[in-house]
Number of protein chains: 2
Amino acid sequence: MASLIEQLTERLREAGYRNTPARRAVLEALIDGPSHMTAPDVVAAVDESSPSVGRASVYRTLELLTRLGLVQASTLGGTETTYMLAPSGHHHHAICLECRATLEIDECVVGELEGLLCQRTGFEIRGHLLEIYGLCPRCATSQRNSNQTE
Amino acid sequence: MASLIEQLTERLREAGYRNTPARRAVLEALIDGPSHMTAPDVVAAVDESSPSVGRASVYRTLELLTRLGLVQASTLGGTETTYMLAPSGHHHHAICLECRATLEIDECVVGELEGLLCQRTGFEIRGHLLEIYGLCPRCATSQRNSNQTE
DNA sequence: GTATATGCAAAAAGTTTGCACAGTA
DNA sequence: TACTGTGCAAACTTTTTGCATATAC
């Protein structure tokens, strides 16, 4: 079975792009790092692991990977853009607005909606993003407590 | 019936924040402008309508409005962050990856999932974002045509 | 061999900060 | 009146660009 990095570079190749050290370095940073990284996070990680790769290539690669759908950008309910590897299959997130923790959700209820949308509008669907915002149990509890003492 | 701007400033007030000219100018820019605006778009619109409001206040206000949930930031499937008024009720988007057109979707299938998530994990849900990415009918057609002639 | 992709460094763009002052509640 | 919020300008961070060179295929 092909490793994740191999699968991803293969998808680049299929789309007509070359398999270069800079692109591998960005993919590896995303694979090895936390599930959501800002652009400067990725720049720093690449600079750590592959100092010969330039900043500009990191930005160019993040843009390319996002355009091809290998990577997905999201604001996680805040204002800061983060990048994550686009999960194959369905994985969505519940995000705590307080502590920024993310929780994976496996259930996917979007499929049925996509069918309907495609039928009604002729939209050709490529993917989707579903994020649920709220307070994780820990933060919900501590917020209730602090309200009591106010 | 209270106008939209009044409803929004009222929500600010309820959260303990003051109703100031800078905040009204940002809200008005979002109300009057296109449905998705980047931060520099909002800065420009405010500078147009209320030249006395400073750039910094626009950023501070966008951050505040997002934190309070009056505004939602999203990358629309690309890498650029845009802001939109968070619609009350359910409105989601289908976004064309080619021409960036957005299409409103009224159906909401997330409610049931939220109930399940809340029950299972104790997450206290405040909102959600659902975006469907793909090609609008027009771009899907023109892409098929250009593939034929390749 | 050739076109794509790169690193570099500089420029541009975008965002944040500190602080004295203004204006809301 | 008290304190939140502001404008300003400077500092800082992030992102983009142009171009000669390297390298994947």
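Hydrogens, waters and symmetry mates play no part in the numbers below; they use all other heavy atoms, side chains included. The chains referred to below are lettered A, B, ... by the order of the sequence lines, with proteins before strands, and numbering in each begins at 1.
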Mind calculating the distance between [atom1] ([X]) and [atom2] ([N]) to the nearest angstrom?
| X | N | atom1 | atom2 | answer |
| --- | --- | --- | --- | --- |
| L12(A) | dT6(C) | CG | P | 10 Å |
| L62(B) | dG14(C) | CG | C1' | 13 Å |
| D47(A) | dT6(C) | CG | C1' | 15 Å |
| R13(A) | dA5(C) | CZ | C1' | 17 Å |
| E63(B) | dT16(C) | CD | P | 8 Å |
| Y83(A) | dT14(D) | OH | P | 13 Å |
| R67(B) | dG5(D) | CZ | P | 10 Å |
| E80(A) | dT16(C) | CD | C1' | 13 Å |

- Query: With nearest nucleotides of DNA chain D determined for R18(B) and A56(B) from heavy-atom distances, which residue corresponds to the more 5′ nucleotide?
  - Reply: R18(B)
- DNA chain D: 5'-proximal contact among R55(A) and S52(B) (nearest heavy atom): S52(B)
If you compare every side-chain N and O of [X] against the phosphate oxygens of [N] (OP1, OP2), does one of them come in below 4.0 Å?
| X | N | answer |
| --- | --- | --- |
| T20(B) | dG23(C) | no |
| S57(A) | dG7(C) | yes |
| Y59(A) | dT15(D) | yes |

- Message: Quick test of your reading of the model: are R60(B) and E63(B) salt-bridged, counting only N-O distances below 4.0 Å?
- Response: no
- Query: Between R11(B) and E14(B), is there a salt bridge with N-O shorter than 4.0 Å?
  - Reply: no
- Task: Please tell me which of Y17(B) and V53(A) maps to the more 5' nucleotide of DNA chain C, matching each residue to the nucleotide holding its nearest heavy atom.
- Result: V53(A)
- Which residue lies more 5' along DNA chain C, comparing R60(A) with R24(B) via nearest heavy atoms: R60(A)
- Message: Using modelled atom types and a 3.5 Å cut-off, is there a donor and acceptor pairing between side-chain atoms of T82(A) and backbone atoms of S74(A)?
- Response: yes
- Message: Given 3.5 Å as the limit, does a donor-acceptor pair link the side chain of E98(B) with the main chain of C136(B), or not?
- Response: no
- Item | Sugar-phosphate, base or nothing in reach of R23(A), heavy atoms under 4.0 Å | sugar-phosphate
- Message: Students often get this wrong, so: under 4.0 angstrom with heavy atoms, is V43(A) touching a base, only sugar-phosphate, or nothing?
- Response: nothing
- Message: Any heavy-atom pair between the side chains of T9(B) and R24(B) that's under 4.5 Å?
- Response: yes
